Each structure stands twice: as structure tokens, then as C-alpha cells.
Amino acid sequence: TASCTPALRQAVAEHTGFVRLRMSYTPSPDEPLIPPERSPADELFYLTRAAYFILEDEATFALFSPAGECLSADSAVWRTCDRAFGEAEGQWGLWVGLHDVERDDDLCALRLTGMITLQRVPTQLVYNPTVLERQDAHRAGRQLRGLLAADETLTSFKDRADRQWVRSDD
């Protein structure tokens, strides 16, 4: 992904294997296939905790979340998990990626990839690159990712530079 360090890119290019963690339900015949109280964030949190300990092996070096297209170095996973203090919402940065999207107009878009996996509305930030620099949009995207983890009904927010962002269904 775009946020990878050169060393992580090199390690990925040279890797010889991977461990895939998955969850599945095994309901009895009279139960629904997927429980109604299912929490995708709690499931990802559980799998990430398992990965946390697997990453302690010296042969492992990264966690990849395919839905969010997020590749995180082992140190980033440990830091994120430790800062989350047992809360799934604090780990969204490992599961929801920020990706630049090309548009046909003069605007730019930053898509939050992986939102559907968390049963959230697909979201993107649209901005004018002559007014806002890419790194500022990414900073606002990281802030929005955290806000949406806590409140899926969010329709607007102010970024740290006091700029107002408003949700649009366009």
C-alpha cells in the first residue's frame, strides 16, 4: 500500500509464505448461518489479537487486511493494539485503508477502503487539490476513520485545522 516503508515493501517482495486467519460460524441446523448479533469489528479485533501474537515470531513481519488493503508492519500492529486498550474501534487503522481515487473532474477523492466489511457505508473524502494538499486530506481521512468507528451516523466533522467536512451522497 502507499503508506509502506521501502523496507516493508522489500520484505513483502521477498516473502515465501503467509499465515491466513479466518473465522467461520458452525451453527446448529435450527440456527441462522450468521448470528443476528454479529459484530464484524469484534471479529476483526479477535483475529487481530491472534495475529498480534503470531507476529512475535521472528519470521513474521506484517499484517495484511485484504478488505481494507492495509499492510502494517509488526511494530505498527503492536503499537496500534496497545494503544487501543482492548477496544475494537481503536484498531480501525489496521482494517480500513485510505486510498487516492482518480476522478474525471478537477477534484480529488480519498476512499476509506474496507468500510463494507465493518457493515458501514462506503465513504470517501472529496477535496480540491488547489485548496487542500494531499497529506492534509489523508490527515482528515485518518480522523474521519476514527470518528466513523465511534459513530456510524456521522454526517459532518471539523478536522484539526478547523475545516468543516460534510457528508454527501453524490
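Everything quoted here is computed from the prediction, not taken from an experiment.
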*So, the side chain of E43 versus the backbone of M23: is there a donor-acceptor pair under 3.5 Å, distance only?*
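Answer holds: no.
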_Donor-acceptor contact present, side-chain Q143 to main-chain K158, <3.5 Å_ =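 Answer holds: yes.
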Between [atom1] of [X] and [atom2] of [Y], what distance do you get to the nearest 0.5 Å?
X	Y	atom1	atom2	answer
F45	E87	CZ	CD	7.5 Å
H99	Q124	NE2	CD	13.0 Å
T48	L21	OG1	CG	8.5 Å
L71	F64	CG	CZ	7.0 Å
C108	L125	SG	CG	11.5 Å

Above 12 or not: heavy atoms from other molecules or residues under 6.0 Å from [atom1] of [X]?
X	atom1	value
E133	CD	no
E58	CD	no
D106	CG	no
L107	CG	yes
D104	CG	no
R83	CZ	no

Flag yes if [X] and [Y] sit in one hydrophobic cluster, no otherwise; membership is Ile, Leu, Val, Met, Phe, Trp, Tyr, and two members link when side-chain heavy atoms are under 4.5 Å apart.
X	Y	value
Y46	V19	yes
I116	L47	no
F18	V12	no
V126	L132	no

Would you say the side chain of [Y] lies within less than 4.5 Å of the side chain of [X], judging by non-hydrogen atoms?
X	Y	value
Q164	S156	yes
W95	L118	yes
W165	L144	no
R120	W92	yes
L110	D100	yes
T123	V96	no
V166	T155	no

Quick check: closest heavy atoms across [X] and [Y], and the distance to 0.1 Å?
X	Y	answer
A88	A41	CB-O, 3.7 Å
L94	C81	CD1-SG, 4.4 Å
R134	Y127	CA-OH, 3.8 Å
A109	R103	CB-CD, 3.6 Å
D74	T60	OD2-O, 3.8 Å
A51	L63	CB-CD1, 3.8 Å

*With sequence neighbours left out, which residue pairs that include part of residues 137-146 fulfil the salt bridge (charged side-chain N to carboxylate O under 4.0 Å, His left out) condition?*
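The answer is D136-R139.
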*Give a yes/no verdict on a cation-pi contact between R49 and Y52, requiring under 6.0 Å between NZ or CZ and the six-membered ring centre and an angle within 45° of the axis.*
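Judged by the rule, R49 and Y52 form a cation-pi pair.
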*If you link ILVMFWY side chains whenever their heavy atoms are less than 4.5 Å apart, which other residues fall into the same cluster as V101? By chain and number, please.*
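Same cluster as V101: nobody, lone residue.
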